[in-house]
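Below: one structure, written as structure tokens.
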Amino acid sequence: MAEPKTNELMEKIVSLCKRRGFVFQSSEIYGGLNGFWDYGPLGAELKRNVKELWWNTMTRQRDDVVGLEATIIMHPQIWRASGHVETFADLMSECPVTKKRVRSDQVESQTGIAYFWTGASDAEGKVCAEPFSVLIPIGKPPESARKVAAQFYELRGIKSPVVQGERSEKLENTVLYHPESGARLSEPRPFNLMFKTYVGPVESEDNVAYLRPETAQAIFAQFKNVLETSRQKVPFGIAQVGKAFRNEVTPRNFTFRSREFEQMELEFFIKPDEAVEAAHGSVAIVPSSGHPGQPQANWGWQAWHQYWVEERVKFYEGIGLSRETLGFHIQTPEELAHYARATTDILFKFPFSKKDGQGNVAGDELEGIAARSDFDLSQHERFSGKPMGVFDDELRAAWAKLDDAKKQELSQRYHAARLKYLLKSGVEQARAEKQAKENADGLAKGQYIPHVIEPSAGVDRLILALISNAYSEVTETDDKGKSETRVVMKFHPRVAPIKVAIFPLLKNKPDLVNKALAIRDLLRPNMNVFYDDGGSIGRRYARQDEAGTPFCITVDFETFEGVKDGTAAGEKDTVTIRYRDDGRQERLRISELLALLMEKIR
RNA sequence: GCGAGCGUAGCUCAGUCUGGUAGAGCAUCACCUUGCCAAGGUGAACGUCGAGGGUUCGAAUCCCUUCGCUCGCUCCA
């Protein structure tokens, strides 16, 4: 099989998605809407299977995780506490020469000589009267500033511009110029990544609300309610699947970056390391790679983080994404959000993923597993005024048995961590000191704000990964030398939209048709079944290959007349099962069919 | 949001430069045929040429606007 070129492959995938009903453009009959996608019949089944598997794996199969389904629109204060109002609704300025955009409040202050011009003209007498200004470091020749100005006026249609009305001035600590090009930045414009709406019929600034840009915050906001009603104790997690919305600047790469998308998030709450150490003497050290095994009571955040990374990889492997198709990105200290201890991204090597210098493909993000300290609950405690801490009997009992030196050491470490958080959050020194001391005293009484490990996955990205991974082509040449390329979607049976297709060998033979329909009805309560009697049998197999159906059952004459040869010769009520990935066929008793298929799709 | 390219049937595309009222292959549907991997026959359906406006006797074709897609920049908890 020839390896298709990257873009070609992506185009084929997009085309197949539309042709077979996996993914359609939203509102297509009205010209589509950038960044929004709909799932067709096969896509909807695929997505449903994936979400259900995640939910089962993360909650029902575990004792220590429970579910939540929260609203999309929530109290606007939630987005202040989370930081989204500040960083998602932001003023941006643009450099008119490089077209680069910077956050207006994050421009480094600079000192230098600013040159001003009133306009420019070219040899043909064309004039641009737009004023412009460039800042250059002191000591740099003014020519370099004029060069930038020339670029600016050239962009406005003046060829070989002659600048006019030059004057210069020394400026100190200005934030009005682009640090790279020196060009004067455009006026700051609001740049809001959150979808905004109004609660109630009156549109006023008093009732502004946002469509959630992530599902995680609802989990934090409902943490206490869930804790009190679920009979869970830290460590435990809350899982949620749901829609989130981001007004992305540039939706890209098919469904990879959409404006409306779905997330599968777990917030797993753990004890702070100081509490673990108090109860167990030390915090477990686990190898930095590989699965650390069953959770242990002496795990700190590192072990839990490692555990969840490996659990999530196991999940991906279980639905057909082998480790070779995945990539990992461990965020560097510079990339990490200030409150995060560590973040590991699980990547998938998409057809559009970029190659590095050596031709290696890193991949693009499917899921991020973040160790977020106690930042989230602490923020909500501060913003809502409601305590988010838990009381831990075990910790209180253990603390009482510690010697004074240990008590003091743990207390100081906890105090330092809390103080750092509070100061970073803008709490004034004296209040922060007082608060941190209260927190440290609380720890001694068995109280703490849980830390959190957050595996956060994008459903739509995962669907795209599964489709990309499943896509394969088979080229066959017939007797006449005519070669034909067929598409086979090799989905893992667990996620395949249609699990099994049932065919009568011929549709004009009522016995075959009725038996096939009976088998359909036998299997239907347990799995998604597709009955098809149209066209030749080969064509029907090919159709199912494109849909990614792993098994095809055919009722033929031997079903009635008995098996012709072999050990089962003469036996009736058998059918053939044909396997998608290799075309192999086996003969099976109808009575054994259900159990066999259930085993294969589990 | 900026720059470049693209948009014709379900899909892949021809036709656009040079204006004359839209085509191919595949796919789809029905019937016939068909004893296991896209066989064949007959018939059917399918495009206001992305949308809106302009120029023209006449626009898929020329001009303007707009929407969508792709790539680059930007953004990306």
Side-chain angles (χ1 to χ4, degrees), chain A residues 6-8 10-12 14-21 24-36 82-84 86-88 90 92-103 155 186 189 191 193 213-214 216-217 244 246-254 256-257 263 265 331 335-340 343 345 352 354 364-365 368 370 372 375-376 454 456 458 474 476 478-480 482 484-488 503-509 512 534-546 552 554-559 561 564 575-576 578-580 582-585:
Chain A
T6 305
N7 283 347
E8 241 175 74
M10 204 54 217
E11 277 166 30
K12 283 180 178 176
V14 172
S15 159
L16 176 92
C17 281
K18 184 176 182 193
R19 183 156 48 85
R20 289 314 309 255
F24 304 126
Q25 197 178 14
S26 165
S27 324
E28 198 195 61
I29 59 166
Y30 290 102
L33 190 57
N34 197 0
F36 296 88
S82 69
H84 284 88
E86 279 168 36
T87 60
F88 265 50
D90 203 9
M92 305 288 290
S93 302
E94 196 175 68
C95 166
V97 174
T98 61
K99 302 289 180 196
K100 288 191 177 176
R101 203 176 272 151
V102 291
R103 271 177 62 175
L155 284 169
S186 69
R189 278 186 303 183
F191 197 78
L193 287 181
E214 63 171 38
Q217 294 306 320
R246 286 182 202 172
N247 219 341
E248 296 286 352
V249 186
T250 317
R252 255 316 138 74
N253 289 326
F254 199 26
F256 184 79
R257 180 172 299 148
Q263 290 184 309
E265 291 194 303
Q331 290 194 6
E335 290 173 302
L336 284 175
H338 66 80
Y339 49 79
T343 297
D345 293 334
F352 53 77
K354 297 206 175 77
D364 285 281
E365 188 183 338
R372 292 169 67 95
F375 175 80
D376 302 281
E454 176 192 84
S456 167
V474 181
E476 274 158 5
D478 66 13
D479 306 340
K480 296 165 198 152
K482 190 182 149 201
E484 202 163 48
T485 300
R486 294 189 297 114
V487 174
V488 182
F503 310 140
L505 183 59
L506 296 175
K507 82 165 161 184
N508 58 357
K509 299 282 187 290
L512 297 183
S536 72
I537 192 77
R539 178 189 295 243
R540 281 178 268 165
Y541 285 144
R543 273 202 282 258
Q544 293 307 312
D545 285 346
E546 270 197 342
C552 292
T554 301
V555 175
D556 58 14
F557 293 96
E558 289 183 51
T559 305
E561 294 163 3
K564 277 186 184 142
V575 290
T576 62
R578 178 258 192 190
Y579 296 95
R580 174 195 64 202
D582 51 15
R584 191 162 50 89
Q585 283 192 14

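Each chain gets a letter, A, B and so on, in the order its sequence line appears, and its residues count up from 1.
Across the protein-nucleic acid pair, A:Arg486 atom CZ and B:C37 atom P stand 11 Å apart, rounded to whole Å. Distance, A:Arg580 CZ to B:A38 C1': 18 Å, rounded to whole Å. Here the P atom of nucleotide B:C11 and the CG atom of A:Leu16 are 12 Å apart, to the nearest Å. A:Phe36 has its CZ atom 14 Å from the C1' atom of B:G68, to the nearest Å. Atom P of nucleotide B:C26 and atom NZ of A:Lys12 are separated by 19 Å, given to the nearest angstrom. With rounding to whole Å, A:Phe256 atom CZ is found 12 Å from B:C71 atom P. Taking atom CD on A:Gln263 and atom C1' on B:C76, their separation rounds to 13 Å, with Å as the unit. Atom C1' of nucleotide B:C36 and atom CZ of A:Arg539 are separated by 15 Å, given to the nearest angstrom.
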Show the numbers, then the answer: is there a side chain to side chain contact (heavy atoms under 4.5 Å, CB included) between A:Cys17 and A:Phe254? CA-CA 10 Å; A:Cys17 281; A:Phe254 199 26; 3.9 Å; yes

For the pair A:Arg584 and A:Arg578, evaluate side chain to side chain contact (heavy atoms under 4.5 Å, CB included) and give the outcome as yes or no after the intermediate values. CA-CA 6 Å; A:Arg584 191 162 50 89; A:Arg578 178 258 192 190; over 6 Å; no

Going through the distances and angles, do A:Tyr579 and A:Gln585 end up as a side chain to side chain contact (heavy atoms under 4.5 Å, CB included)? CA-CA 6 Å; A:Tyr579 296 95; A:Gln585 283 192 14; over 6 Å; no

What do the steps show when you test A:Glu546 against A:Arg486 for salt bridge (charged side-chain N to carboxylate O under 4.0 Å, His left out), and what is the final call? CA-CA 8 Å; A:Glu546 270 197 342; A:Arg486 294 189 297 114; over 6 Å; no

Give the intermediate values and the outcome of salt bridge (charged side-chain N to carboxylate O under 4.0 Å, His left out) for residues A:Arg257 and A:Asp364. CA-CA 11 Å; A:Arg257 180 172 299 148; A:Asp364 285 281; over 6 Å; no

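B:C13 and B:G20 have their P atoms separated by 24 Å, given to the nearest Å. Comparing the P positions of B:U12 and B:U70 gives a spacing of 13 Å, expressed to the nearest Å. For the P atoms, the distance linking B:C49 with B:G10 amounts to 13 Å, nearest Å. On the C1' atoms, B:A51 is 10 Å away from B:G68, given to the nearest whole Å. Comparing B:U16 with B:A30, their C1' atoms sit 37 Å apart, to the nearest whole Å. The P atoms of B:C11 and B:A27 are separated by 15 Å, rounded to the nearest whole Å. Taking atom P on both nucleotides, B:G53 is separated from B:A39 by 46 Å, rounded to a whole Å. Taking atom C1' in both B:C6 and B:U66, one finds a spacing of 16 Å when rounded to whole Å.
Looking at heavy-atom distances under 4.0 Å, A:Thr576 makes contact with a base. Heavy atoms of A:Glu454 sit nowhere under 4.0 angstrom from any nucleic acid atom. Heavy atoms of A:Phe254 sit under 4.0 angstrom from primed sugar atoms or phosphate atoms, though from no base atom. Counting any heavy atom pair closer than 4.0 Å across all strands shown, A:Arg257 reaches a base atom. As judged by a 4.0 angstrom heavy-atom cut-off over every strand, A:Gln544 is placed among residues making no nucleic acid contact. Residue-level contact check: A:Gly35 touches the backbone only, with heavy atoms under 4.0 Å from sugar-phosphate atoms and none from bases.
Here B:C76 is the nucleotide among B:C36, B:C76, B:C29 with the atom lying nearest to any side-chain atom of A:Arg246. Here the side chain of A:Asn253 is nearest to one of B:C11, B:C71, B:A38, namely B:C71. For A:Tyr541, taking side-chain heavy atoms from C-beta onward, the closest of the listed nucleotides B:C69, B:C75, B:C36 is B:C36. Distance from the side chain of A:Glu214 is smallest to B:A77 among B:A77, B:A38, B:G10.
Of the nucleotides present, none pairs with B:C37 by Watson-Crick or G-U wobble criteria with both distances under 3.5 Å. Pairing for B:U28 is with B:A44, a Watson-Crick or G-U wobble pair whose two hydrogen-bonding atom distances lie under 3.5 Å. Base-pair partner of B:U18: not found among the strands shown (Watson-Crick or G-U wobble, both distances under 3.5 Å). Nucleotide B:A59 has no partner under the Watson-Crick or G-U criteria, as no pair reaches both atom distances under 3.5 Å. With a cut-off of 3.5 Å on both Watson-Crick or G-U wobble distances, the partner of B:G5 is given as B:C69. B:G23: Watson-Crick or G-U partner is B:C13, with both key distances under 3.5 Å.
Residue A:Arg19 places no side-chain N or O under 4.0 Å from the OP1 or OP2 atom of B:U28. The side chain of A:Lys18 contributes no N or O atom lying less than 4.0 Å from OP1 or OP2 of B:G10.
Along RNA chain B, the nucleotide nearest to A:Gly583 and the one nearest to A:Ser82 differ in position, and the one closer to the 5' end is contacted by A:Gly583. Comparing A:Val555 and A:Ser15 by the nucleotide of RNA chain B that holds the closest heavy atom to each, the one mapping nearer the 5' end is A:Ser15.
Applying the side-chain hydrogen bond (donor to acceptor under 3.5 Å, both in side chains) test to A:Thr343 and every residue at least two apart in sequence or in another chain returns nothing.
Inspection of the A:Ser82 and A:Gln217 side chains reveals no N or O donor paired with an N or O acceptor under 3.5 Å.
One can find a donor-acceptor pair under 3.5 Å joining the base of B:C37 and the side-chain atoms of A:Arg578.
Between A:Phe503 and A:Tyr541, the ring center distance clears the sub-6.0 Å criterion.
A donor-acceptor contact shorter than 3.5 Å links the side chain of A:Arg20 to the backbone of A:Arg543.
The aromatic rings of A:Tyr339 and A:Phe375 sit parallel to each other, their planes meeting at less than 30°, with 60° as the upper class boundary.
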Give each protein N/O atom lying under 3.5 Å from an N/O atom of nucleotides 32-35 of chain B, with the pair distance.
none

